[in-house]
Amino acid sequence: MFLVLVIVIVISLILVMVRALLGPTLYDRLLAVNSAGTKVVILIAAYGFLTGRPDFVDIALLYALINYIATIAVLKFFEYGDLGSGGYQEDDL
Amino acid sequence: MNVDAIVIENIIVMVLLTLLIVVAVGIIMLNDLLTAVILSGLYSLLSATVFVAMDAVDVALTEAAVGAGISTIILLGTLSFTKRIQKPQEHNNYVALVIVCITGGALIYGTLDLPSYGDPNSPANSNPQLAQHYLTESKKEIDIPNVVTSVLASYRGYDTLGETAVVFTAGIGVLSLLGLRRRRRKEDPLLTEKQQRKQQNEDN
Amino acid sequence: MLLVDIVSGVFIFVGCLFVFGGAVGLIRMPDFYTRLHAASVTDTGGLLFITIGLVLQAAFVFDNPAAAIKLTLTIIFLFFTAPTASHAVAKAALMANITPQCQNGKSVVDESLNSLYSDKGKDLSAVLMPVDPPEIMSNFAESKAESELNNKDKST
């Protein structure tokens with residue numbers, strides 16, 4: 001059961017990566033990387049179960065948070081042109 | 001775990017390593033730097049998965065936090081000072097390629113002497129006294145209850161010292177980059193103007 | 001134990017279908033917004049089903065309640081963050097003037113206007129809006145920023 005899960009997720013990861021490498025626009029790549037992050041979270045959790053030690057889910061939890069931070073940072077970069085805009089705009093004026 | 005599971009595990013690790021190579025080549029071929037940054041996030045996600053598959057959980061944790069999180073943000077911060085598109089290269093630098101190939105070949109030649117992954121005859125595994133010594137004697141010798149801490153900070157202290165020096169240098173580099181900007185802002189006439197305005201407000 | 005195995009197996013199988021379908025959709029769909037739809041919805045759903053199956057396994061088969069709790073936390077985090085990230089990607093793409101495409105590759109805005117007005121014999125150039133939705137969005141953002149600036153000036 002876990003073996004099937006891991007294999008399906010690895011195949012999906014390959015498909016998503018094809019889109020990340022081909023993707024005509026930047027947003028396609030970003031979407032693919034975000035989706036790959038979710039799949040990696042599931043893969044790490046499932047891998048712990050496959051090897052009989054489900055203690056690796058800590059890393060899955062950390063990934064879930066880090067992946068979100070990275071995506072939001074990239075999108076903030078798109079919207080404002082740099083990372084600091086929201087932060088120290090009040091100081092600038 | 002039976003033999004089939006080990007074979008399948010190896011296949012999964014190999015697939016992930018192949019994906020790593022594909023992503024790395026993709027990053028090299030791209031001219032758009034922002035896309036390269038995004039794909040490097042994907043690269044570190046995949047490499048951390050490989051670390052988990054090879055039982056190096058602590059390295060995977062570090063790779064997840066530093067590679068996928070912080071380094072993406074730092075690279076984006078760098079990009080906001082430069083342009084998004086790479087400058088086209090007029091000439092091909094074959095000397096650099098030869099040097100890189102020689103260095104890489106020497107590194108691969110160096111790995112031939114290392115024991116292979118999970119080898120039962122490697123010095124660390126064939127010497128049961130060593131692991132036993134760490135497990136039983138570290139409490140007496142170092143007086144720290146956690147074995148991992150005593151190995152990291154005492155038995156392997158020089159290695160950790162070198163790592164800490166690297167991290168410290170990187171921290172100084174980041175601080176110098178960020179600090180320069182802030183100091184310039186303090187000399188900014190706008191700020192004094194703002195302070196004046198604030199004082200006026202307080203007077204009113 | 002058998003019942004738990006069956007139930008969690010069904011959950012994991014459904015989740016696998018979701019994830020694999022989403023990955024195929026990400027490859028096959030013609031334009032960005034349809035790909036976004038395929039990827040984001042199935043990712044959240046597939047993650048939910050797979051993780052429920054894993055929680056059942058961790059709690060009853062592996063007898064590891066700590067892992068079950070951590071997996072539950074993962075579900076909760078990802079259930080908030082994954083749709084937020086998808087929404088942010090869609091918003092950024094809309095701000096960058098990427099319009100949804102029809103099958104013939106034209107923008108969906110022009111195409112709907114064509115189908116509305118071509119059979120009534122009206123002049124299209126007079127009807128076509130000079131401003132398409134993404135520009136309205138960016139205009140809105142600009143005016144909002146301006147009004148914020150004005151407010152700030154008034155307050156100081």
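Just so we're clear, the structure is a prediction, and the values are computed from it rather than from any experiment. Residue numbers start from 1 in every chain, and the chains themselves are labelled A, B, ... in the order their sequence lines are given, proteins ahead of strands.
- Inter-residue side-chain proximity for C:L47 and A:K39 is flagged as unmet; no heavy-atom pair is nearer than 4.5 Å.
- The distance from the CZ atom of A:R19 to the CZ atom of C:R28 is 10.5 Å, given to the nearest 0.5 Å.
- A:T25 touches chain C through its side chain: at least one heavy atom from C-beta onward sits under 4.5 Å away, while N, CA, C and O do not.
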task = Take A:F49 and C:L71, measure what side-chain contact (heavy atoms from CB on, under 4.5 Å) needs, and give me the verdict at the end.
result = CA-CA 12 Å; A:F49 283 89; C:L71 276 173; 3.8 Å; yes

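- Heavy-atom neighbours of C:F13 CZ from other residues, nucleotides or ligands within 6.0 Å: at or below the threshold of 12.
- Heavy atoms of A:A36 lying under 4.5 Å from chain C are absent altogether.
- The CG atom of A:L61 lies 4.5 Å from the OG1 atom of C:T74; values are rounded to the nearest 0.5 Å.
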| Can you check side-chain contact (heavy atoms from CB on, under 4.5 Å) on C:I27 and A:V18, steps first, answer last? | CA-CA 8 Å; C:I27 293 288; A:V18 169; 3.8 Å; yes

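- The structure places NZ of C:K70 at 3.5 Å from CG of A:D58, a figure rounded to the nearest 0.5 Å.
- To the nearest 0.5 Å, the span separating CZ on A:F2 from CG on C:L54 amounts to 6.0 Å.
- Between A:L5 and C:C16 the shortest heavy-atom distance is CD1-SG, 3.4 Å.
- Rounding to the nearest 0.5 angstrom, the gap separating the CG atom in C:L26 from the CG atom in A:L15 is 8.5 Å.
- When A:L13, A:D28, A:I42 are compared by the number of non-hydrogen pairs under 4.5 Å with chain C, A:D28 comes out ahead.
- At least one side-chain heavy atom of C:L78 sits under 4.5 Å from a side-chain heavy atom of A:V41.
- The greatest number of non-hydrogen atom pairs below 4.5 Å with chain C, out of A:L31, A:V4, A:V8, A:L65, is found for A:L31.
- Of all the heavy atoms in A:A64 and C:T81, the pair that sits closest is O-OG1, 4.5 Å.
- For chain A, the nearby parts of C:F20 are the backbone and the side chain; heavy atoms of each come within less than 4.5 Å.
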